[in-house]
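In each ligand, atom 1 is the first atom listed, and ligand 1 is the first ligand listed.
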Amino acid sequence: MAEDQEKIDEQRRTLIKGVIGASIITTILGAGSIATYIFSPTAASSRQYPKVKVANISELTDGNAIKFCYPLTGEVNLLIKVGTPVENGVGPNKDIVAFSAICQHLGCIIEKYYPTGEPFYNGKYQKVMECPCHGSVYDVTQDAKVIAGPAPRPLPRVILEYDDSTGDIYAVGMVGPVILGKGRAGEEGTDLPDNLNPPGSIVDNTTVRTCGEQV
Ligand code: FES
């Protein structure tokens, strides 16, 4: 009998160990699931675009442009003071806009804003960004609509905020697609797209004009 009792006790001990072990595993897996949720790409998609100061209005004159990077250090944009009110323009005259300088055809960098239209069309188009590679022309007075060349869609626009009291101009978001292959076409907002990685190169107030010296 004593031997039988010992066997039963041994079985109970084994059962209790199993239950405790299963509980520990479940707890670990549960914590892992929570961690997976917290750090998952879905949760990361609620990250916001940075709000960074791009320039002060005193740095801009009618018809000139300032290069800056946003939202990543390698992504070039032009901040343009057109000189006449334009669609989505900010500032006292509603004439300041910013667009990605990465051509939506094959990704060449558009280095300049052309108040009088150069170099492909010899002045035919006014107030445009012209791509030096294959001649896509974007009208900055019409939200960078394509008016010539092979580009399939407008340039993404940087959403700007203007501070009336200081004249400072801030970048706060993008109208997608942010750059070729990233973001979603037509989306506008201040939430970063899911596929905008790595987050380590997002610009701040010190890199927005230097572009992190990547371009
Ligand atoms: S890359 Fe700009 S027109 Fe082709």
Side-chain angles (χ1 to χ4, degrees), residues 49-50 52 54-55 60-84 86-90 95-160 169 171-189 192-198 201-203 207-215:
Y49 278 96
V52 292
V54 177
L60 287 164
T61 54
D62 289 354
N64 86 343
I66 290 174
K67 185 179 85 172
F68 69 101
C69 281
Y70 190 87
L72 301 181
T73 49
E75 274 142 38
V76 197
N77 306 273
L78 292 181
L79 176 72
I80 301 164
K81 189 168 190 304
V82 180
T84 53
V86 294
E87 203 173 332
N88 298 305
V90 302
D95 65 341
I96 300 169
V97 282
F99 297 102
S100 170
I102 302 173
C103 181
Q104 294 292 301
H105 178 222
L106 294 175
C108 283
I109 300 296
I110 304 169
E111 297 284 350
K112 290 182 179 177
Y113 162 66
Y114 296 95
T116 57
E118 296 282 341
F120 263 78
Y121 303 94
N122 200 24
K124 179 177 176 184
Y125 301 109
Q126 311 291 309
K127 299 177 179 174
V128 293
M129 290 170 70
E130 278 187 32
C131 180
C133 290
H134 315 102
S136 286
V137 181
Y138 303 90
D139 184 345
V140 304
T141 70
Q142 296 187 72
D143 212 18
K145 174 181 162 187
V146 181
I147 54 173
R153 66 185 79 83
L155 293 169
R157 176 167 49 86
V158 181
I159 302 170
L160 299 175
I169 301 158
V172 298
M174 297 286 294
V175 178
V178 176
I179 60 169
L180 287 173
K182 295 182 184 176
R184 292 169 291 270
E187 276 199 8
E188 171 170 342
L192 287 168
D194 297 339
N195 61 346
L196 192 64
N197 286 309
S201 58
I202 288 174
V203 297
T207 56
V208 65
R209 291 280 287 272
T210 66
C211 292
E213 299 186 353
Q214 289 184 11
V215 292

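- For the cysteines C131 and C103, the sulfur (SG) atoms lie at a distance of at least 2.5 angstrom from each other.
- For the pair K67 and V76, the minimum side-chain heavy-atom distance is below 4.5 Å.
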Set out, in order, the CA-CA distance, both residues' side-chain angles and the distance that settles salt bridge (Lys or Arg N to Asp or Glu O under 4.0 Å) for D139 and K127, then state yes or no.
CA-CA 6 Å; D139 184 345; K127 299 177 179 174; over 6 Å; no
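- Ligand-side atoms of ligand 1 in range of C108: 1 (S), range being under 4.0 angstrom from any heavy atom.
- Among the backbone and side-chain atoms of C131, an N/O/S atom is found under 2.8 Å from atom 2 (Fe) of ligand 1.
- Proximity of Y70 to S100: side-chain heavy atoms (C-beta onward) are nowhere separated by under 4.5 Å.
- Residue contacts with ligand 1, taken as heavy atom pairs separated by less than 4.0 Å, involve C103 solely via side-chain atoms from C-beta onward.
- Residue L106 approaches ligand 1 through these ligand atoms, each under 4.0 Å from one of its heavy atoms: 1 (S).
- The S136 neighbourhood of ligand 1 comprises atoms 3 (S), with distances under 4.0 Å to a heavy atom of that residue.
- If you run side-chain contact (heavy atoms from CB on, under 4.5 Å) between R209 and each of L79, I66, V52, only I66 comes through.
- Minimum-distance N/O/S atom of H105 relative to atom 4 (Fe) of ligand 1: ND1.
- A donor-acceptor contact shorter than 3.5 Å links the side chain of Y121 to the backbone of G135.
- Heavy-atom contacts of H134 reach the following atoms of ligand 1: 1 (S), 3 (S), 4 (Fe) (cutoff under 4.0 Å).
- Here C133 fails the criterion, with no N, O or S atom under 2.8 Å of atom 4 (Fe) of ligand 1.
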